[in-house]
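The sequence lines fix the lettering, A, B, ..., with proteins before strands; numbering per chain opens at 1.
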Amino acid sequence: MKFLLIGLLYTLGLQQSDPATYTKVRHEFYVSVTDFNVDVEKGAVTGVIKTFPDDWERAMNALLEEKVMRYVQLEEQERGALHGKYLESHVRLSLNGTPLRIEYYGTNSGPDEIYLLFTADYGEATIEELKGIWEVELTLLADIYPSQENIVIFHHDGEKQTNSCRDGNDYQLQFEF
Amino acid sequence: MFYFNLGIRHITDLEGYDHMLFLLALTLPLSFVHWKATLKWITAFTIGHSLSLALAAMDVVHPPSSWVELGIAITIAATGLFHLFNGFKVAYGAMWMAGIFGLIHGLGFGSYYQFIAQSDSFWWAWIPFNLGIEAGQILVVLVLLFVYWSVEKIWRNPKGLKWMLLGVILTLSAQMILDRLPV
């Protein structure tokens, strides 16, 4: 019984010294899911990022230069410009070392999620020429949430590979097709 | 393999230590000689967790997350108290308790799983994810049993350690319950 008391007192003592430790008991997940699809007909990689609207809003507010302005107050066009600016600096894609330019082209909203759409043109190429090592760097929301995990599903010629960009791999992935 | 690893990370993530604390509470009476009971208890937990995770992710059940979080905290305290009142004996009822409590823990992860599995095939991801959870639990429990065994060899008072751990579990879970009471 005395050991039970020691355990109780030890934990209470620990709590007094660092109360923040015990407020983090709820498990919050910071996650996004991105589909990359190599579309030979379009000559581009099309991408869809799915994320939580509240996480996204926080990232957009942090990006706004005029701090009195809030993301929710922006017009549709201004929001689009902000989305594009953010995506172009947080999504990187390359094939066999050659970077592809990311272009944002729209947003869709679901009941509990937001979808950001983008493309990366590679010009005319056969599916054979699109084989090799695809490198993805996806730092989306990592500047806001250190535990952010960005799941990537890469579709290529009927094949699919899944992995995640996270702190443990410096938000960088390689897919080989 | 990705979803298998994700399952392992879900269990071993120190930032959301609810699962770890539950496993600590569950394994208090166990040692390496009880390996069969260990396997049964954690498998029962995984089965319960997998079922409710699927039901929540498919929107068959959708209890308010604040109540699920409170429920998870209560399961940790209840598991500690169960062993306390059983005198740290390896009681048969613990397997059923683990299964039922696994149902509550699985609900806590349903919305997350629903979010991540929408793009991939639901069941294609569900099976390796839950196998990863089982593997993660086995890893955590093996470490715990090794610690209990080591302390027994050095201190020769394994009950002392378990009483202390029970104190930690009850204090932390009480704090969690108070934190999570819906206001």
Under 4.5 Å to a heavy atom of chain B? For Gln161(A) that would be neither
For Glu128(A), all residues meeting side chain to side chain contact (heavy atoms under 4.5 Å, CB included), sequence neighbours excluded | Thr126(A), Lys131(A)
Might you work through the side-chain contact (heavy atoms from CB on, under 4.5 Å) test for Asp112(A) and Phe115(B), ending with a clear yes or no?
-> CA-CA 9 Å; Asp112(A) 299 309; Phe115(B) 185 86; over 6 Å; no
Where do Ile151(A) and Ile116(B) come nearest, in terms of heavy atoms and distance?
-> CD1-CG2, 3.6 Å
In terms of heavy-atom proximity below 4.5 Å to chain A, should Leu6(B) be classed as side chain, backbone, both, or neither?
-> side chain
Honestly curious: do Leu161(B) and Val33(B) fall in one hydrophobic cluster under the side-chain, below-4.5 Å linking rule?
-> no
Measure the OG1-CG distance between Thr162(A) and Asn5(B) for me, rounded to the nearest 0.5 Å.
-> 12.0 Å
Other than Ile47(B), what residues sit in its cluster of Ile, Leu, Val, Met, Phe, Trp and Tyr side chains whose heavy atoms are under 4.5 Å apart, directly or through others?
-> Leu51(B), Leu103(B)
Shortest non-hydrogen contact from Val31(A) toward Tyr112(B) | CG1-CE1, 3.7 Å
Please check if atom OH in Tyr105(A) has more than 12 non-hydrogen atoms from other residues, nucleotides or ligands closer than 6.0 Å.
-> yes
Answer with yes or no whether the hydrophobic clustering places Leu100(A) together with Leu140(A); edges join I, L, V, M, F, W, Y residues whose side-chain heavy atoms lie under 4.5 Å apart.
-> yes
Whatever's closer than 4.5 Å to a heavy atom in chain B on Ser32(A) counts as backbone
Is it true that Tyr122(A) and Phe36(A) fall in one hydrophobic cluster, defined by side-chain heavy atoms closer than 4.5 Å?
-> yes
